[in-house]
Asks: 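Shown below is the structure under consideration.
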Amino acid sequence: MRLFIMPDPHSATRFAANEIASLMIERPNPVLGLATGRTMEGVYRALCGMHREEGLDFSTTTSFNLDEYVGLSAADPCSYHHYMNALLFNHVNSRPDAIHLPAGDAPDLDAECTAYEESIRASGGIDLQLLGIGDTGHIGFNEPPSPFDSRTRCVTLNQKTRIQNAAMFGGNPDAVPTRALTMGVGTILEARQLLLLALGQSKAAIIAKALEGPVGPQVSASAIRLHRQCTVILDEASASALSAETRGQALFQAN
Ligand code: GLP
């Protein structure tokens with residue numbers, strides 16, 4: 001695992017965006033795994049800027065998002081489809097047929113999940129999977145306990161997660177859907193590279209658990225420690241609960 005502790009959220013976000021852009025430039029037909037949440041907003045802002053000002057080309061990129069709420073259509077303003085269009089796809093030259101998110105309003109959710117796995121496989125697999133982390137330690141929506149060989153499936157959201165994500169639903173946790181479709185931990189671990197970004201003091205405790213606690217299904221983010229090509233980018237605040245030993249392994253630290 002490569003661990004980077006950056007001085008502030010801006011430099012951490014910029015660094016993550018640069019890692020994604022470098023891969024897009026190096027690979028002829030890159031396949032990106034994308035994530036949602038407040039943490040990623042700055043990453044997409046930076047990528048849009050690189051497209052506008054430096055000509056970063058999205059026309060050869062295929063993307064697969066981690067997850068979507070069950071029951072929400074792509075047009076719903078609370079859906080992750082809507083989030084991705086508003087923050088990234090409407091501003092860059094992605095090919096619409098190369099953009100993939102699980103359909104939360106599919107009539108047969110199991111068939112949708114199987115088809116999603118199949119289309120990741122047909123693309124040749126994900127080159128770089130971007131990850132955030134939730135309060136429950138989830139990556140995607142892999143709530144505890146999520147077996148490390150889990151695949152794309154329908155999950156029930158933890159109440160903590162519904163509270164964490166309530167802001168998108170007018171601040172009301174009860175308005176947050178109870179279920180979601182998410183890539184599994186096993187699906188995520190098959191990506192050739194992982195890139196986890198966490199920002200802010202509110203992530204400090206769960207980051208310490210994920211990076212220093214037991215590796216197991218109770219904290220699905222701990223699974224990234226089993227991956228051979230994993231980069232973790234933190235700001236000072238999200239790294240603040242890490243032990244001196246872990247901090248000592250960071251490749252770049254503030255101060
Ligand atoms: C949601 C997403 C996760 C994301 C998490 C973090 O729950 N399903 O993939 O990591 O939000 O959200 P935030 O960045 O808003 O803290």
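Note that the structure is predicted; figures quoted are calculated from it, not measured. Read the numbers this way: they start at 1 and go in the same order the structure lists the ligands and their atoms.
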Asks: Which pairs of donor and acceptor atoms, one on a side chain in residues 130-144, lie under 3.5 Å apart (sequence neighbours left out)?
Replies:
residue: T136; atom: OG1; partner: H138; partner atom: N; Å: 3.4
residue: T136; atom: OG1; partner: H138; partner atom: ND1; Å: 3.4
residue: T136; atom: OG1; partner: E143; partner atom: OE1; Å: 2.6
residue: H138; atom: ND1; partner: E143; partner atom: OE1; Å: 3.1
residue: N142; atom: OD1; partner: R153; partner atom: NH1; Å: 2.9
residue: N142; atom: OD1; partner: R153; partner atom: NH2; Å: 3.0
residue: N142; atom: ND2; partner: I139; partner atom: O; Å: 2.9
residue: N142; atom: ND2; partner: M183; partner atom: O; Å: 2.9
residue: E143; atom: OE1; partner: T161; partner atom: OG1; Å: 3.3
residue: E143; atom: OE2; partner: N158; partner atom: N; Å: 3.0
residue: E143; atom: OE2; partner: T161; partner atom: OG1; Å: 2.6

Asks: Charged N to carboxylate O below 4.0 Å: is that the case for E212 and R225?
Replies: no
Asks: Taking the basic N atoms (NZ, or NE/NH1/NH2) and the acidic carboxylate oxygens, is any pair closer than 4.0 Å for E190 and R151?
Replies: yes
Asks: Pairs in or reaching into residues 86-110: which pass salt bridge (Lys or Arg N to Asp or Glu O under 4.0 Å), with residues at least two apart or in two chains?
Replies: R95-D97
Asks: Determine whether the side chains of R2 and T231 contain a donor N or O and an acceptor N or O closer than 3.5 Å.
Replies: yes
Asks: In order of chain and number, which residues sit within 4.0 Å of ligand 1 by heavy atom?
Replies: T36, G37, R38, T39, D67, Y80, G132, I133, H138, G140, F141, Q164, N165, K203
Asks: Tell me which donor-acceptor pairs under 3.5 Å the side chains of residues 28-39 have, and how far apart each pair is, sequence neighbours excluded?
Replies:
residue: R38; atom: NH2; partner: Q164; partner atom: O; Å: 2.9

